[in-house]
Amino acid sequence: MYKVIVNDATLRDGEQAAGVAFSRAEKVRIARMLDEMGVPEIEAGSPASGEEERQAIREIASSGLSARISVWCRALPQDIEAAATCGVSFVFVSLPVSDLHLRMKLRINGDEALKRAAEAVRYARRAGLAVAAGAEDASRADFGFLVRFAETVRKAGAERLRYCDTVGVLDPFRTCDAVRRLKEATGMEIEIHTHDDLGMATANALAGIRGGARYVTVTANGLGERAGNASLEEVVMALKKVEGIDAGIRTELFFDLCRYVARASGRAVPAGKAIVGENAFRHESGIHVDGVIKDPSTYEPFPPEEVGATRRLVLGKHSGTAAVRFRLHELGIDIGLDEARKILPLIRRRVLSTRRPVAEGELRDIFQGCMERKIPVVIS
């Protein structure tokens, strides 16, 4: 077993992003892609959403995947009954634990919440299902009550507690401390589940792991409600490169997975997205390009091939002579430093007029223009 177990919830929490609706075929394909990557747990959906959802879950569950397939339920008998028809052996039973959610959403007190949680976990266990208990809005809950909730669901048969920063209000320091205290107080296995409302989902996920969480919820591209969830590719690569933890994921498949999820969800990958964004391995600045040409590790934390991406050196306003010479060399044209200095202003002029990097055909045109003006070159 790996030190950290990744639970991908793209098909459940990811699909809950406003306006996202995967087809059954898309859900099955995403599950297969995640399984091929070595993701050990896949949260396949919410059975209570309807028969179409249940059919998709059944197809995933019967596909012979190596991953452990789970579903998400409210702490309600009808949700658990729906889950039991889907061919899965593992469910997340979720219930709010903050005073705000209990009072305003469910209109119940803490004692009633504990009773419901225990009954739901026992109901799922009697149905032959393994259970993880989801503590919704745990980051805003009273710590003493959260400990009581954890002890209640553990005694009822839950094997794991999901600590949810439901509206993304934690910072990494508080996350690490909260998970550590909860684990010390209960002895339960913890899954850290974070949201990106304040831009800290990935950092908080890592902090939860440092605090003792063995499991982590992620989604491809960070897809999810509002600002999204902790990103699969970011968490896995940060674990690998910062914490020295191998989560057992084939990271070279990230690029293809994230592009497919983007198309299926209708949510384009932002150009500046870490790990898989178009600009993640795209260099323009003269100083940076010069360094990358000499040794890519000067301005890249890892090679693009490690996540299935490719490096691009673009010609733009901030390019230098090294980039000009390199790009022309790729076209089979070798020029000296003096020639590059003459071409560079023409490139910058083109960029300022078009407001985009110079394309390959444009670079050839600029080079040919210089040829006509008798700039000496050597063609390889």
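In this text the structure is predicted, and so the values were computed from the model without any measurement. Along the sequence shown, residues are numbered consecutively beginning with 1.
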- Look up atom CZ in Arg58 and atom CZ in Arg24, then write down how far apart they are to the nearest 0.5 Å. 9.5 Å
- Message: Quick check for you: to the nearest 0.5 Å, what is the distance between Phe326 atom CZ and Leu331 atom CG?
- Response: 10.5 Å
Review item, side-chain donor-acceptor pairs of residues 134-146, under 3.5 Å, at least two apart:
unit_1: Glu136; atom_1: OE1; unit_2: Lys105; atom_2: NZ; d: 3.0
unit_1: Glu136; atom_1: OE2; unit_2: Lys105; atom_2: NZ; d: 3.1
unit_1: Asp137; atom_1: OD1; unit_2: Arg140; atom_2: NE; d: 2.9
unit_1: Asp137; atom_1: OD1; unit_2: Arg140; atom_2: NH2; d: 3.4
unit_1: Asp137; atom_1: OD2; unit_2: Ser98; atom_2: OG; d: 2.6
unit_1: Asp137; atom_1: OD2; unit_2: Arg140; atom_2: NE; d: 3.1
unit_1: Asp137; atom_1: OD2; unit_2: Arg140; atom_2: NH2; d: 3.3
unit_1: Ser139; atom_1: OG; unit_2: Asp165; atom_2: OD1; d: 2.7
unit_1: Asp142; atom_1: OD2; unit_2: Gly144; atom_2: N; d: 3.1
unit_1: Asp142; atom_1: OD2; unit_2: Phe145; atom_2: N; d: 2.9

- Message: Going by the rule side chain to side chain donor-acceptor pair (under 3.5 Å), which residues pair with Arg263 if we only count those two or more places apart in sequence or in a different chain?
- Response: none
- Can Glu36 and Arg29 be counted as an ion pair, charged N to O under 4.0 angstrom? no
- Query: Tell me, which pairs form a salt bridge (charged side-chain N to carboxylate O under 4.0 Å, His left out) where one or both residues lie in residues 252-262, sequence neighbours left out?
  - Reply: Arg250-Glu252
- Message: Measuring only between side-chain heavy atoms, which start at C-beta, is Val307 closer than 4.5 Å to Leu253?
- Response: no
- Query: Okay, side chain of Asp196, backbone of Gly228: is any donor-acceptor separation there less than 3.5 Å?
  - Reply: no
- Message: Between Phe302 and Met237, does the side-chain contact (heavy atoms from CB on, under 4.5 Å) criterion hold? Intermediate values first, please.
- Response: CA-CA 9 Å; Phe302 53 86; Met237 291 307 294; 3.9 Å; yes
- Message: Is any side-chain heavy atom of Ile347 closer than 4.5 Å to one of Ile343?
- Response: yes
- Query: What pairs of residues pass the ring pair (Phe, Tyr, Trp, His ring centres under 6.0 Å) test when at least one of them lies in residues 61-114, not counting sequence neighbours?
  - Reply: Phe90-Phe92
- Taking all heavy atoms of Thr202 and all of Ser231, pick out the closest pair and write down the distance. OG1-N, 3.7 Å
- Message: Closer than 4.0 angstrom, basic N to acidic O: yes or no for Lys273 and Glu234?
- Response: yes
- Query: Taking all atoms of both residues into account, what is the closest heavy-atom pair of Asp79 and Cys73, and its distance?
  - Reply: O-SG, 3.6 Å
- Message: Given 3.5 Å as the limit, does a donor-acceptor pair link the side chain of Arg348 with the main chain of Ser319, or not?
- Response: yes
- Item | Non-neighbouring partners of Ala203 that pass side chain to side chain contact (heavy atoms under 4.5 Å, CB included), sequence neighbours left out | Pro172
- Message: In terms of relative ring orientation, are Tyr299 and His288 parallel, tilted or perpendicular, with 30° and 60° separating the classes?
- Response: parallel
- Query: How about Val324 and Ile335: do any of their side-chain heavy atoms sit closer than 4.5 Å?
  - Reply: yes
- Message: Is there a side-chain contact between Ser70 and Glu41 in this structure, where contact means two heavy atoms from C-beta onward sitting under 4.5 Å apart?
- Response: no
Give every donor-acceptor pair under 3.5 Å between a side-chain atom in residues 118-131 and any protein atom, sequence neighbours left out.
unit_1: Tyr123; atom_1: OH; unit_2: Glu81; atom_2: OE2; d: 2.5
unit_1: Arg125; atom_1: NH1; unit_2: Leu129; atom_2: O; d: 3.0

- Query: Hey, is the main chain of Ser23 close enough, under 3.5 Å, to the side chain of Glu26 for a donor-acceptor pair?
  - Reply: yes
- Item | Whether Thr186 side chain and Met188 backbone form a donor-acceptor pair below 3.5 Å | yes
- Looking at residues at least two apart in the chain, or sitting in another chain, which of them share a ring pair (Phe, Tyr, Trp, His ring centres under 6.0 Å) with Tyr260? none
- Task: For the pair Asp35 (side chain) and Ser66 (backbone), establish whether a donor and an acceptor sit closer than 3.5 Å, ignoring hydrogens and angles.
- Result: yes
- Task: Please report the shortest heavy-atom distance between Ala75 and Leu95, naming the atom on each side.
- Result: CB-CD1, 3.8 Å
- Query: Taking atom CD1 of Ile287 as the centre, does the number of heavy atoms from other residues, nucleotides or ligands within less than 6.0 Å exceed 12?
  - Reply: no
- Message: Could you check whether any side-chain heavy atom of Leu11 comes within less than 4.5 Å of a side-chain heavy atom of Ile60, counting everything from C-beta outward?
- Response: yes
- Which residues share a side chain to side chain contact (heavy atoms under 4.5 Å, CB included) with Ser297, sequence neighbours left out: Asp295
- Message: Does this structure show an ion pair linking Glu278 with Arg282, if we count only N-O contacts that are shorter than 4.0 Å?
- Response: yes
- Query: Is a donor on one side and an acceptor on the other found under 3.5 Å between the side chain of Thr219 and the backbone of Gly224?
  - Reply: no
- Item | salt bridge (charged side-chain N to carboxylate O under 4.0 Å, His left out) partners of Glu243, counting only residues at least two apart | Arg210
- Task: Could you pull out the closest heavy-atom pair between Thr175 and Ala207, with the gap in Å?
- Result: CB-CB, 4.1 Å
- Query: Listed by chain and number, what are the salt bridge (charged side-chain N to carboxylate O under 4.0 Å, His left out) partners of Lys115, not counting sequence neighbours?
  - Reply: none
- Item | Side-chain heavy-atom pair Arg349, Ser353 within 4.5 angstrom cut-off | no
- Can you list the residues that meet the side chain to side chain contact (heavy atoms under 4.5 Å, CB included) rule with Thr354, with sequence neighbours excluded? Arg350, Arg356, Glu362
- For the pair Glu112 and Arg116, find out whether any cationic side-chain nitrogen is under 4.0 Å from an anionic carboxylate oxygen. yes
- Message: Rounded to the nearest 0.5 Å, what separates atom OG in Ser265 from atom CG in Leu223?
- Response: 5.0 Å
- Item | Backbone N/O of Gly272 and side chain of Asn279: donor-acceptor pair under 3.5 Å | no
- Message: Going by salt bridge (charged side-chain N to carboxylate O under 4.0 Å, His left out), name the pairs with one or both residues in residues 11-23, residues two or more places apart or in two chains.
- Response: Arg12-Glu43, Glu15-Lys27
- Note on the structure: Residues Cys258 and Glu233: closest non-hydrogen pair is SG-OE1, 3.5 Å
- Only one of Ile190, Ile5, Val4, Val6 passes side-chain contact (heavy atoms from CB on, under 4.5 Å) with Tyr215, and that residue is Ile5
- One should read off an interatomic distance between Cys164 SG and Leu170 CG, to the nearest 0.5 angstrom, of 11.0 Å
- Are the side chain of Asn204 and the backbone of Met200 linked by a donor-acceptor contact shorter than 3.5 Å? yes
- Report yes or no: does Arg327 contribute a side-chain atom to a donor-acceptor pair with the main-chain N or O of Leu313 at less than 3.5 Å? yes
- Task: Consider only side-chain N and O atoms of Thr217 and Glu191, and report whether a donor and an acceptor are under 3.5 Å apart.
- Result: yes
- Please name the pair of heavy atoms, one in Pro303 and one in Phe281, separated by the smallest distance, quoted to 0.1 Å. C-CE2, 4.1 Å
- OG1-CG distance between Thr298 and Asp290, expressed to the nearest 0.5 angstrom: 8.5 Å
- Any side-chain heavy-atom pair of His283 and Ile293 under 4.5 Å: no
- Query: CG/Asn7 to CD1/Ile42 distance, rounded to the nearest 0.5 angstrom?
  - Reply: 9.0 Å
- Message: Counting C-beta onward and ignoring hydrogens, is there a side-chain heavy-atom pair between Leu344 and Leu346 closer than 4.5 Å?
- Response: no
- Query: With no hydrogens and no angle check, is any side-chain donor or acceptor of Arg54 less than 3.5 Å from a backbone partner on Pro47?
  - Reply: yes
